[in-house]
Amino acid sequence: GTTPTTLRGAGTEFDSLREYVVGDDVRSIDWRSTARRGEVLVRTWRPERDRRVLIIIDSGRLSAARLGDAPRLDAQIEATLLLAALASRAGDRVDVLAMDDAVRAQVRGSAGPVLMTELAEHLTDVEPRLTELDWTLVASLVRTTLSQRALVVVISALDGSAGDATMIRTLAALAREHTVILASALDPELVGEVLQVMQDLAASGMTMVVVTHEMGFAREVGDQLIF
C-alpha cells in the first residue's frame, strides 16, 4: 500500500505547535498558546495538498514559432508534463487543456501514473494551428472547469503584438479568483523584445515565474532568483 508523507516547513496549512528555538521567525509565535502554556510556542506549517491545478497550453499561432530545431509547442508540452508530474506527486489534482480557437485536447480527473499516461496519449497529436488563442474561451473554460480557487498556469508566448493586451486583461480578471501564472518558452534571439513585454507586465502588477538558463536575462528581469 501507500504511506502518506507529511513535509513540515514552509507552507500555508497549519500543522502543529512546538517550542520556540533561536532562529525561528518571531512572526510564527502563537501568543495565545504561549500565554496559556507558559512557554513560547511557534506554529509550524505544511504545504497545501489536494489543490486544483489547471494547465492551459496555447496551441495557436505562437506555438508554431521555432525554438532551435523544434516548434515552441514541443517545449510547452514538455513543461506541462514536468509540472503535471510534480503537482500530482504533491497530491494535487491536475487538469490540462490544449487549445487555440477550440479545445484540441483535454485530460481531466486523472492522477498518478494514469495522469501521465493520458497526457502522453492526448498531447501527442496536438499540432500548432495558425489561429489566435481565444482568450474569451479561455476565461469561460476556467470558470466552468473550476469551482474553487486554484492554480491556473497558462503556457503561451509574448510577442509584443496587440493581442498581448487582451491576454493581460483576461489573466488579470482571472487572477481575482485564482492564482494565475503565465509561462513562456523563450527564444534567445528575442530576449530584448520579450524582456520589454515582461517589464510591462510586471509594471501592471502581474506575477511571473520564468525558467531560463540565460542568467543575465534572469538577473535583469527577476525580483528573486531560485537556483
Side-chain angles (χ1 to χ4, degrees), residues 53-90 92-135 137-138 141-142 145 151-161 163-164 166-167 170-171 180-198 201 206 208-218 221-222 226-227:
V53 178
L54 174 60
I55 305 172
I56 299 174
I57 306 170
D58 178 0
S59 58
R61 173 182 63 84
L62 297 176
S63 72
R66 300 196 72 79
L67 302 182
D69 298 327
R72 174 181 278 117
L73 182 60
D74 286 7
Q76 294 178 169
I77 290 175
E78 289 177 6
T80 297
L81 294 173
L82 176 59
L83 178 57
L86 293 173
S88 179
R89 185 174 181 180
D92 299 332
R93 291 173 290 167
V94 181
D95 296 325
V96 174
L97 299 173
M99 58 182 294
D100 35 80
D101 60 354
V103 176
R104 304 302 174 183
Q106 59 181 314
V107 174
R108 300 186 183 184
S110 299
V114 175
L115 169 65
M116 303 312 298
T117 299
E118 292 195 1
L119 285 175
E121 291 176 352
H122 285 79
L123 296 179
T124 296
D125 296 329
V126 176
E127 297 289 342
R129 294 175 179 262
L130 299 181
T131 59
E132 299 293 340
L133 178 59
D134 186 337
W135 288 102
L137 180 59
V138 169
L141 287 172
V142 169
T145 300
L151 172 62
V152 178
V153 181
V154 179
I155 305 181
S156 183
L158 303 167
D159 67 348
S161 69
D164 287 344
T166 303
M167 174 191 68
T170 302
L171 296 183
V180 177
I181 293 177
L182 173 64
S184 177
L186 179 63
D187 185 344
E189 295 183 0
L190 299 177
V191 166
E193 295 177 27
V194 174
L195 174 59
Q196 184 58 56
V197 174
M198 293 177 68
L201 290 174
M206 181 173 292
M208 293 168 283
V209 176
V210 182
V211 180
T212 178
H213 63 277
E214 298 285 343
M215 296 312 301
F217 173 82
V221 74
I226 301 175
F227 297 93

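The shortest heavy-atom contact between Gly112 and Ser88 is N-OG, 3.0 Å. What you find for Pro71 and Ala64 is that their closest heavy atoms are CB-O, 4.1 Å. Nearest approach of Ser63 to Gln76, heavy atoms of both residues: CB-NE2, 3.8 Å. Counting all heavy atoms, side chain and backbone alike, Ala105 lies closest to Val126 at CB-CG2, 3.7 Å. For Ala157 against Met167, the heavy-atom pair with the smallest separation is O-SD, 4.5 Å. The two atoms that bring Ser110 and Glu118 nearest to each other are OG-OE1, 2.8 Å, heavy atoms only.
Here Leu151 pairs with Val53, Val153, Thr179, Ile181 under the side-chain contact (heavy atoms from CB on, under 4.5 Å) rule; sequence neighbours left out.
Atom CG of Asp101 is separated from atom CZ of Arg129 by 8.0 Å, given to the nearest 0.5 angstrom. Atoms CZ and NE2, from Arg104 and His122 in turn, are 15.0 Å apart once rounded to the nearest 0.5 Å. Taken to the nearest 0.5 Å, the CD1 atom of Ile55 stands 8.5 Å off from the CG atom of Leu81. Between the OG atom of Ser59 and the CG atom of Leu133 there is a distance of 7.5 Å, given to the nearest 0.5 Å. Summarising the geometry, atom CD1 belonging to Ile77 is positioned 10.0 Å from atom CG belonging to Leu119; distances are rounded to the nearest 0.5 Å. Taking CG of Asp100 as the reference point, atom CD1 of Ile57 lies at 11.5 Å (rounded to 0.5 Å).
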Criterion side chain to side chain contact (heavy atoms under 4.5 Å, CB included) on Leu141 and Met99, from CA distance to verdict: CA-CA 11 Å; Leu141 287 172; Met99 58 182 294; 3.7 Å; yes
Side chain to side chain contact (heavy atoms under 4.5 Å, CB included) evaluation trace for Leu54 with Leu97: CA-CA 8 Å; Leu54 174 60; Leu97 299 173; 4.2 Å; yes
Trace of the side chain to side chain contact (heavy atoms under 4.5 Å, CB included) decision for Asp95 with Gln106: CA-CA 8 Å; Asp95 296 325; Gln106 59 181 314; over 6 Å; no
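Using modelled atom types, no side-chain atom of Thr131 and backbone atom of Gly60 make a donor-acceptor pair closer than 3.5 Å.
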